[in-house]
Amino acid sequence: MKIVVTVKQVPDTNAEKAFDPATKRLNRSAIENVLNPFDEYAIEEALRIKEAAGADSTVTILTMAPQKGVDIVRKALGMGADNAAMLSDEAIGGSDTMATAYLISQALKHIGFDLILTGTQSTDAINSIVPAAVAEHLGIPALTYAKKVTIADGRVEIQRETDAGYQRVSAPLPALISVTKSINEPRYPTLKGIMGAKKKEIKALSLADIGADAARFGDAGSKTWVESFTPVSARGKGTVIQAQDPVEGAKQILEFLIAKKVV
Amino acid sequence: MHFELAEEQKAVRQMVAAFAQREIQPNAGDWDRAHAFPLELFAKLGQLGLMGMSVSDKYGGGALDTISTVLAIEELSKADAGIGVTVSVHAGLTTRIVEAFASEEIKQKYLPKMCTGEWVGAFALTEPESGSDAASLRMRARSDGDGYVLDGTKQWVTNGGFAQAFVVFARTGAAGSKGISAFLVDRDTPGFTIGRVTDKLGIRSSNTVDLTFEDARIPAAHLLGEQDAGYKIALASLGTGRLGIAAQAVGILAACLETSQRYARERHQFGRAIGAFQAVSFKIADMCVDLDAARLLLYRAAWLRDQGMPVIESSSKAKLFASTAARKHAAECVQILGGYGYTTEFPAERYYRDAKITEIYEGTSEVQRIVIARELLGRLEERMQKQRGAQPMSGAVNNGLAGIVEPAAELSPDAAG
């Protein structure tokens, strides 16, 4: 079984972020980039599925990132993935969520897969759209928010996490699964893994390799763009209601809420 | 010249930092209060490859370069300096000595299990009457038939209570540095007993014990290197062992900076964050400058070792500077946190207690200065005495100091001769 995990490099969640006023994009060069923490759960699950499935299974890491993103690919390889493919091209810059999903699906068609695993979201954009959109492009089932994955007889069954509990969802392979943080405890890369990662193949993919249609990515191919950005303004001082009589105080609060059309 | 870590070095640092942050740091306060040596942690460190990081892959090790090993010890120490020294003594000192100086049979028996963390290593040089003046050690090893018989006591042996493999230095010949041999002693040797646990000011998650040897017989194959050439092993090991302690001090310093920064931003007094006061912000600026300087000295010394160049002087400089800075800034960290810094609610007081030892073990700061000064000035006193045709002044003192700076072979299999 060929398992592909799509991963993304994101700015370190602890770092202070800044936007470049000229491009209206996040200034990624100034901050330390890390492997999207949600993706670590997908990698871990892929490795567990591979370990259970036996020797003829492989785990491939796929990412779309500038060359610097090779660090996060090596981390994934250090955890135990077998090989990786990396789509890098300056022309990709400016691609929105849907353009990104298009490019990733094209890359997946190019490298082939039986099962695709993803995190539920990235810590920078937090759209949670890409997994389902990729599956749609590929015409395969999307099983999202999995907190447990079982694979048997060419089918996959997941427990789909919901606010109230979970749903059991099943589909034939090939399929795409996005996993939640409650699914496992991601392993650390070992020293052997880190050293071995150097020798593993990271295939460079170009836009031509994956047959990408120039009208469907980058600034030109994106249906959304950033019009402007404003820093979140500091929260203003709240209204304090002081009353000797609690009933009177409650009345004032109620009037305030009615005026704001909250109640 | 460039100052960027290699990709794998960064990856090692990130991995150890992530592990330490999740598995060590949250427990460090409890281990400290309970004097607990977290044995189960070392199996985990073994799984990650950290217990065998200095050993070649032939014996199951990770064969890391020296820079990566000091990065690992730094990150462990940032979370818990006691864990840092435990790993430093095991992986930075003991496994290196076994691989460089033991017979093939001993290496096959011990190294794989030391790499997994199943067996921990210890280094026994110090005795009640022999500290900085290590060449005056008294423990005896007499050759007897097909082995050696050990008699005497060792003191302050890190990891001793839990170790299986002990590198032990004992006198096989005349007084002074030339009559000392090194041995690998197994924990299960009859006549060898583990004594009392030492109660310490800091690094309390590390284990420190006395050892007693009474007619403890070990096979001849357990001799490390040549008979009577053990002191060279001790000196060569200390050159690299000091890098481990410098890394420990850097880790403590990094923890002090992080704790101070966070507190200076969050704590408000007189209507503003205390970091807005120069008195506090300057302390933090100084802390960061010294951390950078300590790191540069440390990484350069580690780099020199990776180039196969002598590290005696550069590791002494790194250790002297890093340990002095750690002790000084740990005190400032407590000061920045004020009353809270003095309580066990915050880790500052632990850093303060932990930092002090780095100025003492693996050569005191005074000994480091002797090493550095001798490199700069030569052995002036001895030369003067020669010119006067006089005998060395005091045998004991002179022998000891000479021993400290005797040119030592680096730890490599060739050095076993």
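Every heavy atom of this structure was used, including side-chain atoms; hydrogens, water molecules and symmetry mates were not. In the text below, chain A, chain B and the rest are named by the order of the sequence lines, each starting its count at 1.
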(message) Distance check, rounded to the nearest 0.5 Å: A/Leu191 atom CG versus B/Thr69 atom OG1?
(response) 10.5 Å
(request) Report, as yes or no, whether the 6.0 Å neighbourhood of atom CD on A/Glu90 holds more than 12 heavy atoms from other residues, nucleotides or ligands. (result) no
(request) Could you grab the distance from atom CD of B/Gln14 to atom OH of A/Tyr188, nearest 0.5 Å is fine? (result) 13.5 Å
(message) Is it true that, when you exclude B/Gln21 itself, more than 12 heavy atoms of the residues, nucleotides or ligands shown sit nearer than 6.0 Å to its CD?
(response) no
(request) Kindly check if the number of other-residue, nucleotide or ligand heavy atoms within 6.0 Å of OH (B/Tyr340) is above 12? (result) no
(message) Do B/Met15 and A/Thr190 make a side-chain contact, defined as non-hydrogen atoms from C-beta onward lying under 4.5 Å apart?
(response) no
(message) Just checking A/Tyr166: does its OH atom have more than 12 heavy atoms from other residues, nucleotides or ligands closer to it than 6.0 angstrom?
(response) no
(message) Strictly below 4.0 Å, N to O, side chains only: are A/Glu185 and B/Arg22 in salt-bridge contact?
(response) yes
(request) Let me know if B/Gln47 has heavy atoms under 4.5 Å from chain A in its side chain, its backbone, both or neither. (result) backbone
(request) May I ask you to name which of B/Leu48, B/Val12, B/Val16 has the most heavy-atom pairs under 4.5 Å with chain A? (result) B/Leu48
(message) Are more than 12 heavy atoms, taken from residues, nucleotides or ligands other than A/Phe229, located less than 6.0 Å from that residue's CZ atom?
(response) yes
(request) Measure the CE-CG distance between A/Met195 and B/Asp57 for me, rounded to the nearest 0.5 Å. (result) 10.5 Å
(message) Heavy-atom cut-off 4.5 Å, strictly under: side chain, backbone, both or neither for A/Val70 against chain B?
(response) side chain
(message) Ignoring hydrogens, what is the shortest heavy-atom contact between B/Glu8 and A/Ile194? Give both atom names and the distance.
(response) O-CG2, 4.0 Å
